[in-house]
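Structure first, then comments.
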Amino acid sequence: MTDKRAAKSASVAPGQPVLLSGGNPQIPKGEGDAPVQAYIAAMPGWKSALGRRLDALIVRAVPGVHKAVKWNSPFYGVEGQGWFLSFHCFTRYVKVAFFRGASLSPIPPGASKHPATRYLDIHENDALDEAQFLDWVRQASELPGERM
C-alpha cells in the first residue's frame, strides 16, 4: 500500500466509506435502493440532505424507478430502458447529469462534452426549483435511456 493510500485509510473510521476527490463517497457498485442510500448517507455535510431530497423527488416523479451505484455515483433509470439521470459530489457542489438533457424543455443550464447530456450544478445555498426538477425528471424518464 502506498503511503498516500495508507494515510487515507488510517483517517477513515472502520466501516466508513472513503471520500474520494471532491468528497465523493467511494461506494461499491450495486443494484437497488440499498447502495444508493449508502452513497447518500456517506455524502459529506450539507450534500447528504440534498442527496436525500433529490432521491425523494426522483422517486416521486418516477414511481418504481430503477436505482444503482456505478462509478461511485447513484444512477436512476427505467428497467429495461437504461439510465436517465445520475449525480456526483464535487468539493463545492453536487452535479446532476441528465443523460438526454438536451432533449428536455427547458434545457438544463450546464453544457457537457457529450452533446446530449446536460447538467444541473447545485451549491450549498442554491434554491432548488423542485417543480422544474420534477418536470425534468419526468421528461428524462420518458426518453430512451443510456445503456451503461
Side-chain angles (χ1 to χ4, degrees), residues 4-5 8-9 11-12 15-148:
K4 192 175 185 179
R5 266 193 174 159
K8 186 178 256 190
S9 296
S11 66
V12 176
Q16 294 297 312
V18 171
L19 294 181
L20 301 171
S21 159
N24 195 56
Q26 184 176 29
I27 301 294
K29 289 193 319 185
E31 298 280 326
D33 187 54
V36 170
Q37 295 309 316
Y39 176 94
I40 290 169
M43 292 170 75
W46 63 271
K47 295 171 191 161
S48 185
L50 175 62
R52 286 190 302 277
R53 186 173 172 200
L54 294 175
D55 183 72
L57 289 169
I58 295 163
V59 168
R60 187 165 111 201
V62 186
V65 67
H66 183 66
K67 300 180 187 184
V69 169
K70 297 171 175 280
W71 303 287
N72 298 308
S73 295
F75 279 68
Y76 296 82
V78 175
E79 189 76 45
Q81 295 181 25
W83 306 105
F84 61 83
L85 178 151
S86 179
F87 58 85
H88 191 90
C89 288
F90 287 88
T91 302
R92 293 187 175 90
Y93 60 97
V94 172
K95 180 178 286 295
V96 179
F98 292 95
F99 300 126
R100 302 273 188 233
S103 297
L104 304 180
S105 180
I107 296 173
S112 170
K113 292 177 188 174
H114 189 282
T117 301
R118 297 296 292 191
Y119 297 117
L120 174 65
D121 294 347
I122 307 170
H123 297 81
E124 183 173 10
N125 295 314
D126 287 350
L128 177 63
D129 182 340
E130 286 190 6
Q132 180 62 75
F133 185 78
L134 284 165
D135 187 47
W136 279 332
V137 171
R138 282 188 202 103
Q139 288 180 58
S141 72
E142 294 169 359
L143 297 169
E146 286 289 324
R147 306 275 178 194
M148 295 181 207

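If you read the sequence from its start, that first residue is 1, and numbering goes on from there. This structure is a prediction, so every number in the text was calculated from the model and none was measured.
Residues Ile58 and Leu85 are in side-chain contact: their nearest non-hydrogen atoms beyond the backbone lie under 4.5 Å apart. In this structure, Val78 and Val65 have side chains that are not in contact, with every pair of non-hydrogen atoms separated by 4.5 Å or more. Residues Pro35 and Pro28 form no side-chain contact, since every pair of their non-hydrogen atoms from C-beta on lies 4.5 Å or further apart. In this structure the side chain of Pro74 reaches within 4.5 angstrom of the side chain of Phe87, judged on heavy atoms. In this structure, the side chains of Ile40 and Ser48 come closer than 4.5 Å at one or more pairs of heavy atoms. In this structure, Asp55 and Gln37 have side chains that are in contact, with non-hydrogen atoms separated by less than 4.5 Å.
Residues Phe98 and Trp136 place their aromatic rings such that the two centres sit under 6.0 Å apart. You'll find the ring centres of Phe99 and Phe75 inside the 6.0 Å limit.
For Lys47 (side chain) and Glu124 (main-chain N/O), no donor-acceptor pair under 3.5 Å exists by modelled atom type. In terms of modelled atom types and a separation under 3.5 Å, the side chain of Thr117 and the main chain of Ser112 share no donor-acceptor contact. In this structure a side-chain-to-backbone donor-acceptor pair under 3.5 Å is missing from Asp126 to Leu128. One N or O on the side chain of Arg118 and one on the backbone of Gly110 form a donor-acceptor pair closer than 3.5 Å. The closest donor-acceptor contact from the side chain of His114 to the backbone of Ala116 lies under 3.5 Å.
One finds the CH2 atom of Trp83 at 12.0 Å from the OG atom of Ser73 (value rounded to the nearest 0.5 Å). Between the CD atom of Gln81 and the CZ atom of Phe84 there is a distance of 10.0 Å, given to the nearest 0.5 Å. Rounding to the nearest 0.5 Å gives a distance of 13.5 Å between OG of Ser141 and OH of Tyr76. Atoms CG and CD, on Leu134 and Gln139 in that order, are 11.5 Å from each other to the nearest 0.5 Å. Of the inter-residue distances, the one linking Lys29 atom NZ with Asn72 atom CG reads 10.0 Å to the nearest 0.5 angstrom. Interatomic distance, Phe133 CZ to Leu120 CG, rounded to the nearest 0.5 Å: 7.0 Å.
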Subject >> Steps toward salt bridge (charged side-chain N to carboxylate O under 4.0 Å, His left out) verdict (Arg53, Glu130) >> reply: CA-CA 10 Å; Arg53 186 173 172 200; Glu130 286 190 6; 2.8 Å; yes
**OP:** Let me see the working for Asn24 and Tyr39 under side-chain hydrogen bond (donor to acceptor under 3.5 Å, both in side chains), right down to the final yes or no.
**Re:** CA-CA 9 Å; Asn24 195 56; Tyr39 176 94; 2.5 Å; yes
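Ion pairing between Glu31 and Lys67 fails under the 4.0 Å rule for side-chain N and carboxylate O.
Classified by interplanar angle (parallel below 30°, tilted 30° to 60°, perpendicular above 60°), the ring pair Phe90/His88 is tilted.
The nearest pair of heavy atoms linking Pro108 to Gly101 is CD-O, 3.4 Å.
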